[in-house]
Amino acid sequence: MSLVKKFKKELKKMKTGLFVLGHGSQAQEADEIFSNIVEMVMNITTFDLVGLGSLQISKPSFEEGIEDLVHRGAEHIVIVPMFIFQGNHVKYDIPEALEKIQAQYPAVKFTMAKHIGADARIASIIEERAKVAMAG
């Protein structure tokens, strides 16, 4: 393959980043659980890069986490809000923050995924936890 063809092929492969957005908390345990979940995502993902950030309180912030992915070469970032409910954060705060981030990084494509919401896998976890509790 010629050098020009190889270069064109590399240009076509856009580096994609998966960004997990949490709420944030003052509780250290919450930050540890969030980090553990993101590490599990890293172990199974097919995305080129994985990043994380929190909407409030915890570090890195939404903006800092996105900045890190951009600096690591992400050209397309898919943001997954790790929220069960579509409250004000999902409806208003996240889109508003994302609008500012998009203005800061106009060369990067951003895609917002649906929040976690109602998912049968959550129901399975609840059922399993209840059975473990009954077993003592």
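Everything quoted here is computed from the prediction, not taken from an experiment.
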Does atom [atom1] of [X] have more than 12 heavy-atom neighbours, drawn from other residues, nucleotides or ligands, at distances under 6.0 Å?
X	atom1	result
Glu99	CD	no
Gln28	CD	no
Lys114	NZ	yes
Glu128	CD	yes

Can you see which heavy atom on [X] is nearest to which on [Y], and at what distance?
X	Y	result
Asp48	Lys15	OD2-CA, 3.2 Å
Pro60	Gly65	CB-N, 4.1 Å
Gly73	Leu49	C-CD1, 4.2 Å
Ala113	Pro81	O-CD, 3.4 Å

Quick check: do [X] and [Y] have side-chain heavy atoms less than 4.5 Å from each other?
X	Y	result
Phe110	Phe19	no
Ser58	Phe34	no
Val70	Glu67	no
Leu18	Val41	yes
Val78	Thr16	no
Ile66	Leu98	no
Gln104	Glu63	no

I need the [X] [atom1] to [Y] [atom2] distance, nearest 0.5 Å.
X	Y	atom1	atom2	answer
Lys100	Tyr105	NZ	OH	14.0 Å
Arg129	Ile126	CZ	CD1	10.0 Å
Met40	Ser35	CE	OG	10.5 Å
Ile57	His23	CD1	NE2	6.5 Å
Glu96	Lys91	CD	NZ	15.5 Å
Ile84	Ile122	CD1	CD1	4.5 Å

Should [X] and [Y] be regarded as members of a common hydrophobic cluster, given that ILVMFWY residues are connected when their side-chain heavy atoms come within less than 4.5 Å of each other, either directly or indirectly?
X	Y	result
Ile94	Val80	no
Val50	Leu69	no
Val20	Ile79	no
Met82	Ile33	yes
Val90	Ile116	no

Point to revise | Positive for side-chain contact (heavy atoms from CB on, under 4.5 Å) with Phe62, one of Leu52, Leu55, Asp93 | key: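 The residue from Leu52, Leu55, Asp93 that satisfies side-chain contact (heavy atoms from CB on, under 4.5 Å) with Phe62 turns out to be Leu55.
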